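All values derive from a computational prediction rather than experimental measurement.
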Amino acid sequence: MSSSGTGRTALATAVVLLAGAGAFLAETEGLRAFTSESARRLAVARAPRPLPSVVLRDDRGERLRLPNPGRPMLVDFVYTSCPTLCSSLGASFARIQERLGEAGVPPAVQLLSVSFDPARDDAPALRAYAEAHGADPTRWRVVLPESEADLRTLLETFGVVVIPDGEGGFVHNAALHRIDREGRLAAIFDPDEIERAVEGLGG
């Protein structure tokens, strides 16, 4: 190969490598995030996301509309037959509910467990999940979006990924999502980050 051909090959290789590095930096938020979950959390912390207008319904048929400005809350996403992650989320919400009560925070709907399994999570299933975790309906409601479109919009806005596992369940990311007083998704926490998650809920 001539020297000019070698030079062109080297230049092309360099361009490919630089493009790949740029894509990697973009995908990982400048090397600060190496997973899509980390990137999701960093993006929300930098730029809180306004919530779409959606209607949710609980096991008693009562409606709740999001966003609800002026009232900070925590939101998680579950399916009631989940034997692992959703049970952990339920346990975290139970602890948070207890903390709020101990702190004397007035009862208000501040915890929302949103089901993403409309095919199976009817009113009795939502009620069973709430009862299993000791949910006080004045403070914690287990709900389902009224429409498939609302569910898709919520999952997209929150960045929640739900994939059928081929065995009747789902693989999904589990987290506690903080909604601020402006009705925006403002922070995302691990299920065991109880203290960080409850900050500001009673203020």
Side-chain angles (χ1 to χ4, degrees), residues 27-29 33-59 63-68 73-96 109-133 135 140-180 183-194 197:
E27 287 295 324
T28 60
E29 299 286 347
F34 292 94
T35 67
S36 59
E37 179 65 13
S38 297
R40 175 177 80 118
R41 298 184 185 200
L42 285 169
V44 166
R46 282 205 312 266
R49 300 175 183 175
L51 297 189
S53 177
V54 298
V55 177
L56 309 168
R57 189 185 296 270
D58 68 11
D59 63 285
R63 290 179 172 179
L64 177 69
R65 182 176 291 277
L66 288 180
N68 191 357
M73 61 178 60
L74 293 174
V75 177
D76 65 10
F77 289 84
V78 303
Y79 68 104
T80 66
S81 59
C82 175
T84 53
L85 289 176
C86 303
S87 294
S88 175
L89 289 168
S92 294
F93 265 18
R95 290 169 59 195
I96 292 170
V109 178
Q110 295 172 302
L111 306 176
L112 281 182
S113 291
V114 181
S115 168
F116 52 75
D117 187 10
R120 290 177 293 186
D121 283 347
D122 54 12
L126 298 179
R127 187 177 308 117
Y129 182 89
E131 292 176 351
H133 294 286
W140 174 9
R141 292 165 75 176
V142 184
V143 298
L144 184 71
E146 282 205 323
S147 72
E148 289 275 5
D150 279 354
L151 174 57
R152 288 194 300 271
T153 299
L154 274 181
L155 294 177
E156 181 178 348
T157 300
F158 280 79
V160 175
V161 178
V162 177
I163 304 172
D165 65 7
E167 298 180 356
F170 300 93
V171 176
H172 62 101
N173 44 341
L176 308 178
H177 305 81
R178 163 81 65 73
I179 308 303
D180 65 16
R184 304 173 303 175
L185 172 60
I188 303 173
F189 307 101
D190 288 332
D192 61 354
E193 294 184 281
I194 303 299

Handout entry: Working for side-chain contact (heavy atoms from CB on, under 4.5 Å), residues H177 and V160
Key = CA-CA 10 Å; H177 305 81; V160 175; 4.1 Å; yes

Exercise for the section: Run the numbers on L154 and L56 for side-chain contact (heavy atoms from CB on, under 4.5 Å), then give the verdict. Expected result: CA-CA 11 Å; L154 274 181; L56 309 168; 4.0 Å; yes

Practice task
Would you name the heavy atoms of R40 and G159 that are closest together and state the gap between them?
Solution key: CD-O, 3.3 Å

Practice task
Only counting residues at least two apart or in another chain, list the ones meeting ring-ring contact (aromatic ring centres under 6.0 Å, His included) with F189.
Solution key: none

Problem - Salt bridge flag under 4.0 Å for residues R57 and D150 - result: no

Fill in the blank from the handout: Here the side chain to side chain donor-acceptor pair (under 3.5 Å) pairs for residues 159-174, sequence neighbours left out, are E37-N173

Practice task
Specify the closest pair of heavy atoms between I179 and V75, including all atoms of both residues, with the distance to one decimal.
Solution key: CG1-CG2, 3.9 Å

Problem - Flag side-chain contact, heavy atom, 4.5 Å: V54 against P145 - result: no

Problem - CD on Q110 to CG on L112, rounded to 0.5 Å - result: 10.0 Å

Practice task
Quick one: which residue pairs count as a side chain to side chain donor-acceptor pair (under 3.5 Å) with a foot in residues 74-91, not counting sequence neighbours?
Solution key: D76-S113, T80-D121

Handout entry: Closest contact, heavy atoms only, A174 versus R41
Key = O-NH2, 4.1 Å

Exercise for the section: State, with a plain yes or no, whether a side-chain heavy atom of W140 is found less than 4.5 Å away from one of L74. Expected result: no

Practice task
Applying ring-ring contact (aromatic ring centres under 6.0 Å, His included), name anything that partners Y129, two or more places apart in sequence or on another chain.
Solution key: H133

Problem - Separation of R178 CZ from I188 CD1 (nearest 0.5 Å) - result: 12.0 Å

Practice task
For residues D190 and L176, report the shortest heavy-atom separation together with the two atoms involved.
Solution key: O-CD1, 3.8 Å

Exercise for the section: List the steps, then state whether side-chain contact (heavy atoms from CB on, under 4.5 Å) holds for L144 with V114. Expected result: CA-CA 6 Å; L144 184 71; V114 181; over 6 Å; no

Completion exercise
Closest heavy-atom pair, P191 versus S92, reported as atoms and distance to 0.1 Å, is O-OG, 2.6 Å

Exercise for the section: Find the distance between SG (C86) and CZ (F170) and round it off to the nearest 0.5 Å. Expected result: 10.0 Å

Practice task
Could you pull out all residues at least two apart from R65 that satisfy salt bridge (charged side-chain N to carboxylate O under 4.0 Å, His left out)?
Solution key: none

Fill in the blank from the handout: Between the CG atom in L126 and the CG atom in D117, the distance rounded to the nearest 0.5 Å is 10.0 Å

Problem - Pairwise distance OG(S115) to CG(L151) - rounded to 0.5 angstrom - result: 7.5 Å

Handout entry: Residues which pass salt bridge (charged side-chain N to carboxylate O under 4.0 Å, His left out) with R49, listed by chain and number, not counting sequence neighbours
Key = none

Handout entry: Gap separating the CE atom of M73 from the CG atom of L64, nearest 0.5 angstrom
Key = 6.0 Å

